[in-house]
Visitor: 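Would you mind keeping the following structure in view while I ask a few things?
When reading the values below, keep in mind they use all heavy atoms of this one structure, side chains included, and skip hydrogens, waters and symmetry mates. Numbers restart at 1 for each chain; the letters A, B, ... are given by sequence-line order, proteins then strands.
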Amino acid sequence: EPEVTQTPSHQVTQMGQEVILRCVPISNHLYFYWYRQILGQKVEFLVSFYNNEISEKSEIFDDQFSVERPDGSNFTLKIRSTKLEDSAMYFCASSGAGSTNEKLFFGSGTQLSVL
Amino acid sequence: QKEVEQDPGPLSVPEGAIVSLNCTYSNSAFQYFMWYRQYSRKGPELLMYTYSSGNKEDGRFTAQVDKSSKYISLFIRDSQPSDSATYLCAQTFNAGNMLTFGGGTRLMVKP
């Protein structure tokens with residue numbers, strides 16, 4: 001069964017450092033998303049991406065964040081200068097086109113720890 | 001007022017019981033309603049999705065949406081220990097838009 005793959009599963013970084021979280025969405029999907037979940041809190045939307053541009057973003061997704069689809073298979077989230085409060089589980093998700101694009105499929109997440 | 005609310009639980013039931021999980025929301029513009037299951041330290045897994053009011057059944061799972069009272073439910077029949085997880089409700093305005101999640105209800109099914 002196709003799945004969304006995320007790497008690494010766990011990333012530890014120092015405050016102020018840049019991190020890149022990587023995702024391989026399901027191959028025929030057209031919509032790509034990043035969500036995050038701080039420990040014990042709700043899953044929160046960060047950004048959606050379609051047709052090589054951001055289609056929607058939340059207040060969390062400020063200038064420190066950026067997304068990219070560098071090739072036909074990868075989708076990345078970059079945090080330019082990490083803060084302690086960026087520590088969270090980051091989930092990538094993808095969905096198909098047309099009548100199926102409300103069905104989001106999530107990866108297993110990257111646990112980001114900012115020290 | 002929070003947009004989407006769920007009782008955090010934990011809800012503990014014996015194996016074989018019927019489980020009822022509930023979620024309320026405040027924004028009447030939501031059109032699509034989903035239930036996700038999340039195991040510890042894993043990503044949410046889509047269980048059910050419905051559009052507008054009504055019931056939808058899939059195996060042991062039934063999702064129910066009442067838009068007039070802004071209330072959605074997930075029923076699990078013949079619950080199994082493998083159903084032990086956190087259940088998240090989520091809503092969106094249109095397909096492809098951001099999902100708004102509830103905080104989740106932790107379910108424990110005891111053998």
Side-chain angles (χ1 to χ4, degrees), chain A residues 1-6 9-10 21 23 25-26 29-51 53-61 88-113, chain B residues 1-10 21 23-27 29-52 54 56 58 61 63 65 67 72 85-106:
Chain A
E1 186 175 324
E3 59 180 17
V4 176
T5 306
Q6 290 187 244
S9 58
H10 197 168
L21 309 183
C23 170
I26 294 173
H29 281 184
L30 301 177
Y31 294 81
F32 313 111
Y33 312 83
W34 285 100
Y35 285 77
R36 78 173 186 189
Q37 187 175 29
I38 295 170
L39 188 63
Q41 297 187 24
K42 293 184 179 183
V43 177
E44 301 175 291
F45 170 77
L46 292 177
V47 65
S48 59
F49 192 85
Y50 171 71
N51 200 25
E53 61 183 22
I54 291 173
S55 50
E56 195 174 8
K57 62 182 180 179
S58 72
E59 290 176 354
I60 303 168
F61 194 88
M89 182 75 94
Y90 287 80
F91 295 110
C92 174
S94 68
S95 63
S99 63
T100 63
N101 67 351
E102 72 276 6
K103 295 184 184 179
L104 269 67
F105 295 87
F106 285 79
S108 291
T110 294
Q111 178 65 55
L112 176 65
S113 300
Chain B
Q1 184 179 13
K2 294 180 183 176
E3 279 207 287
V4 182
E5 293 200 58
Q6 291 182 258
D7 185 331
L21 302 167
C23 181
T24 59
Y25 63 95
S26 58
N27 195 328
F30 286 135
Q31 295 289 334
Y32 292 88
F33 306 90
M34 294 89 169
W35 283 97
Y36 282 84
R37 177 174 61 195
Q38 187 177 28
Y39 293 112
S40 181
R41 314 305 287 169
K42 295 292 185 186
E45 173 194 4
L46 180 63
L47 280 178
M48 301 282 288
Y49 84 98
T50 54
Y51 172 70
S52 195
K56 184 174 183 179
D58 184 0
F61 299 92
V65 176
K67 289 189 73 180
I72 67 172
T86 296
Y87 289 79
L88 310 172
C89 65
Q91 288 88 40
T92 188
F93 304 112
N94 284 304
N97 286 133
M98 57 174 277
L99 295 182
T100 300
F101 281 89
T105 299
R106 191 157 69 94

Visitor: Which atoms of Gln38(B) come close to chain A, meaning under 4.5 Å heavy atom to heavy atom: side chain ones, backbone ones, both, or neither?
Guide: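 Only the side chain of Gln38(B) comes within 4.5 Å of chain A.
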
Visitor: Side chain, backbone, both or neither: which part of Tyr35(A) has a non-hydrogen atom closer than 4.5 Å to chain B?
Guide: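 Contact with chain B involves the side chain of Tyr35(A) alone.
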
Visitor: Consider side-chain contact (heavy atoms from CB on, under 4.5 Å). Of Phe32(A), Tyr33(A), Trp34(A), which one does Cys23(A) pass it with?
Guide: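 One option only clears the test, and that one is Trp34(A).
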
Visitor: Could you tell me how the ring of Tyr51(B) sits relative to the ring of Tyr32(B): parallel (under 30°), tilted (30 to 60°) or perpendicular (over 60°)?
Guide: tilted

Visitor: Less than 4.5 Å to any heavy atom of chain B: does that hold for the side chain of Gln6(A), its backbone, both, or neither?
Guide: neither

Visitor: Grab the two heavy atoms, one from His10(A) and one from Gln111(A), that are nearest each other, plus how far apart they are.
Guide: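 Looks like CD2-O, 3.0 Å.
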
Visitor: Which pair of heavy atoms, one from Arg37(B) and one from Ala85(B), lies closest together, and at what distance?
Guide: CG-CB, 3.6 Å

Visitor: Identify which part of Leu39(A) has an atom lying under 4.5 Å from any heavy atom of chain B, answering side chain, backbone, both or neither.
Guide: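 Side chain of Leu39(A) only, per the 4.5 Å heavy-atom cut-off to chain B.
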
